[in-house]
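Accompanying notes for the structure given below.
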Amino acid sequence: MRKVADCRDMPSESGCTLTITGEEDEVVRAAAEHAASVHGHTDSPELRAEIRGSLKDEQLSVR
């Protein structure tokens, strides 16, 4: 199942609205890189574990 990381779910002074969707490892990697480059966090195993724990399952929309 695809996973979602949504910056709107995290406290942020910047009001970032980025949403990243994909396979779990891809989302964790991209979200950690985003958190480091945009939000000034240090890309660490602890950060990646926090991101992994906050992922949600992608909800498919019915068309």
Side-chain angles (χ1 to χ4, degrees):
M1 170 160 289
R2 290 167 48 95
K3 298 292 186 176
V4 177
D6 191 334
C7 269
R8 296 173 296 180
D9 293 338
M10 306 302 277
S12 170
E13 293 176 8
S14 67
C16 185
T17 62
L18 181 69
T19 300
I20 302 168
T21 304
E23 297 299 321
E24 185 170 331
D25 288 342
E26 295 171 324
V27 173
V28 170
R29 182 177 57 250
E33 291 171 2
H34 171 75
S37 66
V38 174
H39 298 291
H41 295 282
T42 299
D43 186 350
S44 66
E46 293 81 12
L47 175 65
R48 289 180 182 234
E50 182 179 343
I51 291 168
R52 193 174 300 277
S54 70
L55 296 180
K56 296 179 181 173
D57 292 339
E58 180 181 46
Q59 300 297 313
L60 299 177
S61 59
V62 178
R63 294 180 183 195

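Every pair tested for ring pair (Phe, Tyr, Trp, His ring centres under 6.0 Å) that includes a residue from residues 1-21 fails, sequence neighbours excluded, so the list is empty. Listed by first and then second residue, the salt bridge (Lys or Arg N to Asp or Glu O under 4.0 Å) pairs that reach into residues 37-55 are E24-R52, D25-R52, D43-R48, sequence neighbours excluded. Applying the side-chain hydrogen bond (donor to acceptor under 3.5 Å, both in side chains) rule to pairs touching residues 27-36 yields H34-H39, sequence neighbours excluded.
Residues satisfying the side-chain hydrogen bond (donor to acceptor under 3.5 Å, both in side chains) test with S14, not counting sequence neighbours, are S12. T42 is linked by a side-chain contact (heavy atoms from CB on, under 4.5 Å) to nothing, counting only residues two or more places apart in sequence or in another chain. Residues passing the side-chain hydrogen bond (donor to acceptor under 3.5 Å, both in side chains) test with E23: none are found, sequence neighbours excluded.
If you chain together ILVMFWY residues whose side-chain heavy atoms come under 4.5 Å of each other, V28 ends up grouped with L18, I20, V27, L47, I51, L55.
If you take CG on D57 and NZ on K3, they are separated by 3.5 Å, rounding to the nearest 0.5 Å.
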